[in-house]
Asker: 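One structure is given below, represented as structure tokens, and several questions about it will come after.
Letters go in sequence order (proteins before strands), and every chain restarts at 1. Reckoned from all heavy atoms, side chains included, excluding hydrogens, waters and symmetry mates.
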6 protein chains.
Amino acid sequence: MRIAYAVPGPMSKGPMGAAEVTRREKLLNSWAFEGTQVEVRDVPTGPASIESAYEEALSIPPTLDLLMRLEDEGFDAAIIGCFGDPGLEAARELVSMPVVGPCESSMLLAATLGHKFSVLTLFDSLIAGQEYLAVKAGVREKLASVRATGIPVLELMTDIKATKSRLVEVSTQCVEQDRADSVIFGCMTMSFLDMADEISASVGVPFLNAGKAALKQAETLVSMGLSHSKTAFATPPKVSDGQTVADLKVG
Amino acid sequence: MRIAYAVPGPMSKGPMGAAEVTRREKLLNSWAFEGTQVEVRDVPTGPASIESAYEEALSIPPTLDLLMRLEDEGFDAAIIGCFGDPGLEAARELVSMPVVGPCESSMLLAATLGHKFSVLTLFDSLIAGQEYLAVKAGVREKLASVRATGIPVLELMTDIKATKSRLVEVSTQCVEQDRADSVIFGCMTMSFLDMADEISASVGVPFLNAGKAALKQAETLVSMGLSHSKTAFATPPKVSDGQTVADLKVG
Amino acid sequence: MRIAYAVPGPMSKGPMGAAEVTRREKLLNSWAFEGTQVEVRDVPTGPASIESAYEEALSIPPTLDLLMRLEDEGFDAAIIGCFGDPGLEAARELVSMPVVGPCESSMLLAATLGHKFSVLTLFDSLIAGQEYLAVKAGVREKLASVRATGIPVLELMTDIKATKSRLVEVSTQCVEQDRADSVIFGCMTMSFLDMADEISASVGVPFLNAGKAALKQAETLVSMGLSHSKTAFATPPKVSDGQTVADLKVG
Amino acid sequence: MRIAYAVPGPMSKGPMGAAEVTRREKLLNSWAFEGTQVEVRDVPTGPASIESAYEEALSIPPTLDLLMRLEDEGFDAAIIGCFGDPGLEAARELVSMPVVGPCESSMLLAATLGHKFSVLTLFDSLIAGQEYLAVKAGVREKLASVRATGIPVLELMTDIKATKSRLVEVSTQCVEQDRADSVIFGCMTMSFLDMADEISASVGVPFLNAGKAALKQAETLVSMGLSHSKTAFATPPKVSDGQTVADLKVG
Amino acid sequence: MRIAYAVPGPMSKGPMGAAEVTRREKLLNSWAFEGTQVEVRDVPTGPASIESAYEEALSIPPTLDLLMRLEDEGFDAAIIGCFGDPGLEAARELVSMPVVGPCESSMLLAATLGHKFSVLTLFDSLIAGQEYLAVKAGVREKLASVRATGIPVLELMTDIKATKSRLVEVSTQCVEQDRADSVIFGCMTMSFLDMADEISASVGVPFLNAGKAALKQAETLVSMGLSHSKTAFATPPKVSDGQTVADLKVG
Amino acid sequence: MRIAYAVPGPMSKGPMGAAEVTRREKLLNSWAFEGTQVEVRDVPTGPASIESAYEEALSIPPTLDLLMRLEDEGFDAAIIGCFGDPGLEAARELVSMPVVGPCESSMLLAATLGHKFSVLTLFDSLIAGQEYLAVKAGVREKLASVRATGIPVLELMTDIKATKSRLVEVSTQCVEQDRADSVIFGCMTMSFLDMADEISASVGVPFLNAGKAALKQAETLVSMGLSHSKTAFATPPKVSDGQTVADLKVG
């Protein structure tokens, strides 16, 4: 099967650059089941990274355009490559293939690993948003806590050792103070550090790489022949009535 | 005080046209407290009406641009003129004046009128979205039901008598089957039909015009010198660190 | 419009005296929209202040008598001047004008200011009662915490500086430990200290004066032509069947 | 042990009269464990029956006076003889003996009989109040429904056969439509019809007589040497500081 | 009435031995209402004590066999003598007499004593299980916390003074940090230390002996002629269709 | 990877026989990713099918024995082959490999397909149990309904056409009356009818085969190197202290 990983920002033009796009594609393919091919694509314009509701809003229209193109190109499923799952509902309205969100898929996977899980996020200002995503995923009752590391996306890879030590520190609080049985890396750049195993060894509970979790959910859905329900994510009424998606934008 | 009513679609270019913009501005001013001036503005591009998550996503970036301009022009508060409250969190991150959502404000007002309230929406596909907005507003426990009329936004004004009769029919189900103590018009075009009093007289419970409710919340906040909490709706971190809002978009 | 502020205790006969009644009336009028007149009235007998369920129970029958008289006198709405909203449901059964509770109205207003809010109360013994009021208001999910200052009502005005310093201290715990985005003064005497702005400046989040919030809700309801739903707050069945309210009391 | 059953209305002066007081006392004693003596007392003034929040408010102050006298007389526990549990928290603040509410005690007993229970009430206007009592009892999750019979308290005994047939009819809806596993008679006069067994035989699920349930909870608490927690139902602060309960009322 | 207390482990063969069986029987009879006789029985095989889901699973089949025999012997009700309430639903499917669980009955009793209660358990690994039992009992909203003492069942009686001091220490955390208004001994061996009164005197809130609470619930149900609802705990369908319980096991 | 599917009843000795064991193994292998081998094993004694809490209790001890043996045999993960997930927590305490429950895994998968899902079960008496499993899975908020088909396990394969028609009928109620966006076959025999695609085509929403969902979750966990958290499912304390699992059973 062919799975697209759609980065909702112009990563190849940003500070991480095309090399990071390539690195992530390689990692994703190394995590995949035999027979799965993953391609990473980014959008032409949008935010350098998504750390606020504003940047999320900016990222959505180009990401939806990209997802429609990817379906036309014959992909079997797509992953939206940001832990805020930007544009997830809208994407499911527009395409028929499964569209997977790293936040939703990793929360649903963490739900099976124990009674409660925590999410590591970037800033305190993102905590409430993550809590709403847990409501949307349906697993708010299992969310022990969301805790912020205070490290911006674009600095996570600057000093890997310092990042790791901070992730261990905050995760330990999740386990000891919030009774988390597992911990999710709540940012794709954090997930693509690919340090779940070593951090898990330090902290003593399972850690979830959200990129892997999203990939596995995509592979699961394609393998089972399932996609999102059209009663939940309906085609826009004007399109059902004969307009094209392009017609929906005026002016 | 000066309050802006920002229409998140290019209404003046659409089928309703500039006359409708003017009509709404007149109505809003007629509902205001003495000393309040309301101006209606629309965005240059976006969806003709918002009936899906996709159209909502399209509407947000131009609406946020408009709201920043309105704050620069000296408005004391702004209302986002769509019942889905598109872009509400992002707007509150970007400006200091209060930004009011018709859905949130009318739900919070309905909460005081009785034990439960219902919302009239357009299509079944919008019900779950309205339920999430009730979670965000914090009053999910008071939401008796969301029921759809089946009439698209752009046809609500075509046959006013048929619209009214359908609104009465669906509202009566809310009251009799779902135990709603009040009913909200869950669409601005529905609200601007300005028929709350006559429909209330037919159905026997209070009806809430979401345009009025939003205006009153805006007036209340300005009058009390309150605005949204910056711990909840933080300035984007990159802007706090010295970038401009315009810098946040790459490519 | 004419709005009555009904104090559910004989304030003019108590330690605060008639001067405090006058002071509050002046403040309320200074907070009102143009065209609103507020009159403060107290009941002839009842508790000196309300700090227990017992004192609340004592306060309700005379307050209900007063509210019925106020409606007869032509007031457009009434506020019950105690943060426990004593007798709110019963009052709404007996009169047609809107009856507003400072707790309910300030909680519903705080709900729009952020994700969570806290309430400052007097004693630990009042915390659970405040939590039930949040359930009744429908916004329990948004209540970050109720914290007690430990200062009795009748001592709040004794040493204003000490009171302020204690309010800042406890509010800071609400913000830092409970993640409150705003804070409500959960007592009318606390609210009428009229220190929301200066305490807000110290603590860094919005503070809600419950007297102002109640007044704005009353003005909003009158301005919108709304009152409480009779399906939620029904006329007592014996009165619907022809008895007078006075007939309901035997012996 | 000696248990008082305090009727929060002047039943002996009302339409039911002293004979009904005697009849209830006899029934209560017949339900008691060996060694328990029950005395029924009513208040001198108050509502003929409690069918609204207003009548409940009227009933509370005299009931609290009665409960304090009953403790002085040496009773080991008291039951408040109305299904709305009027004044329950205030009573627990004022006395040290256990004070039992028929609603709370029967809901907690119903919780063990199955997954869900229903409550039969008098009028639709009382449903929301019963739902709040389930929140206070802590068992809202187990409340399948509250359904109204439409028969006023004072007419329940007029045509016993019609009453029974209506109770069977509404209970059957609770079981078949709301999946109730047991049903509570949500009114003391309904409970004192003493028809739980025969109605249970017709409907096929257990029925709870709220008078019996309250008596058993009172006997249980006395037998275990337990009373309500003073951290939950604190002595009024002014009384802790040296005033008498009588001092709390001014004017 | 005759009540059986069924120990779901072979206590008489274990380290506590037959003397402990006799001691518990004596205590139970001393707690009973006049006219109640309690007999303690244990199962022939199973775990020495129940401290994991695995040991609970082992205990259930022999306990269900015992309960069916006890009903045949004419007992009026049975208590499952373990705070995890092992096999409670299955038992209620198989017998007609009331079957009482110490956890469920003490949680429902604690619910009336205040706003919140805590449970003392043995190990951290049992906390989540206790929380699910509170969901099943329907009172999750009243559970302030479950805290572990860290003392294994079979060591609770080794050094009574140390045990008591640890129980006081952990309970005080429940009251001061979690706002518990009462505390339940969440283990039968803890309950049969019979120290509720002295620990309550130290900590200042009511303590619940789960053995007493279970006994009182059993006596209450028998006295009221109630048993569990067959809509909730249905006879196994194959038995309703004519097989015996013994037939249900193949191989 | 090698995955075991453990049937918690002696299927090969029952009415379905060894042929059904073989048929299911073949199906499971046909659903697996390349490189996965599935073996089906049943237990030597236990219930013919699980339709009550009693039969579930019988099934657990032999199933736990089997799972420990399977781990010793080198399996990478195991599925408990019954939709009630019998013994799931206990199994996770005893082994280190992932143990997957079909109910939990299919509920977590359904959670991503839409806002709400329904479960088809056998009898009304199983509905509450399924609801508790949704609580345990953490997705109770997404459960639209559990509806019973009324067909016993052992008759599901008797008249496939009648079964299918009944499944379509009940599922349609889930979609139309309960707003389910997807439907789970809440019984393994129902799932192994392998009719998800054709029933989905009739009803118009996605259907989940619980056997497939469990297999995919097992493959996902093994592929990600994850297993259940030992903070949630701790090794029995006596085993941590040096006893063997076999030692835990006395008598």
Asker: Report which part of B/Lys136 has an atom under 4.5 Å of a heavy atom belonging to chain A: side chain, backbone, both, or neither.
Answerer: both

Asker: When rounded to the nearest 0.5 angstrom, what distance separates CD1 in A/Ile50 from CG in B/Leu248?
Answerer: 11.5 Å

Asker: What part of A/Ala128 lies closer than 4.5 angstrom to a heavy atom of chain B: side chain, backbone, both or neither?
Answerer: neither

Asker: Check whether B/Glu89 gets within reach of chain A through its side chain, its backbone, both or neither, counting any heavy atom under 4.5 Å.
Answerer: both

Asker: CG of B/Asp124 to OG1 of A/Thr231: how many Å apart, nearest 0.5 Å?
Answerer: 10.0 Å

Asker: By a 4.5 Å heavy-atom criterion (distance strictly below it), what part of B/Pro61 contacts chain A: side chain, backbone, both, or neither?
Answerer: side chain

Asker: Who among A/Ser125, A/Gly46, A/Ala57 has the most heavy-atom pairs with chain B under 4.5 Å?
Answerer: A/Gly46

Asker: Relative to chain A, which segment of B/Val239 carries a heavy atom at a distance below 4.5 Å: side chain, backbone, both, or neither?
Answerer: neither

Asker: Look at B/Ala234, B/Pro47, B/Ser59, B/Pro237 and state which one has the largest set of heavy-atom pairs under 4.5 Å with chain A.
Answerer: B/Pro237

Asker: Could you tell me the separation between the CZ atom of A/Phe123 and the OG atom of B/Ser240, rounded to the nearest 0.5 Å?
Answerer: 9.0 Å

Asker: Are there more than 12 heavy atoms of other residues, nucleotides or ligands under 6.0 Å from atom NZ of B/Lys249?
Answerer: no

Asker: Take A/Ser49 and B/Lys238 through the side-chain hydrogen bond (donor to acceptor under 3.5 Å, both in side chains) test and state the conclusion after the steps.
Answerer: CA-CA 10 Å; A/Ser49 69; B/Lys238 296 184 189 75; 2.7 Å; yes

Asker: For B/Tyr54 versus A/Pro236, what's the shortest heavy-atom pair and its separation?
Answerer: CB-CG, 4.4 Å

Asker: So, does A/Glu93 use its side chain to make a donor-acceptor pair with the main chain of B/Ala53 at under 3.5 Å?
Answerer: yes

Asker: For the CD1 atom of B/Ile60 and the CG atom of A/Leu58, what is their distance to the nearest 0.5 Å?
Answerer: 10.5 Å

Asker: Is B/Glu55 in contact with chain A via its backbone, its side chain, both, or neither, using a 4.5 Å heavy-atom distance?
Answerer: side chain

Asker: Check the surroundings of atom CD in A/Glu141: do more than 12 heavy atoms from other residues, nucleotides or ligands lie under 6.0 Å from it?
Answerer: no

Asker: Considering only heavy atoms, which portion of A/Val245 lies under 4.5 Å from any heavy atom of chain B: side chain, backbone, both, or neither?
Answerer: both

Asker: Taking side chain as everything from C-beta outward and backbone as N, CA, C, O, which of these in A/Glu51 sits under 4.5 Å from a heavy atom of chain B? Side chain, backbone, both or neither.
Answerer: both

Asker: Could you pull out the closest heavy-atom pair between A/Gly251 and B/Thr45, with the gap in Å?
Answerer: C-CG2, 3.3 Å

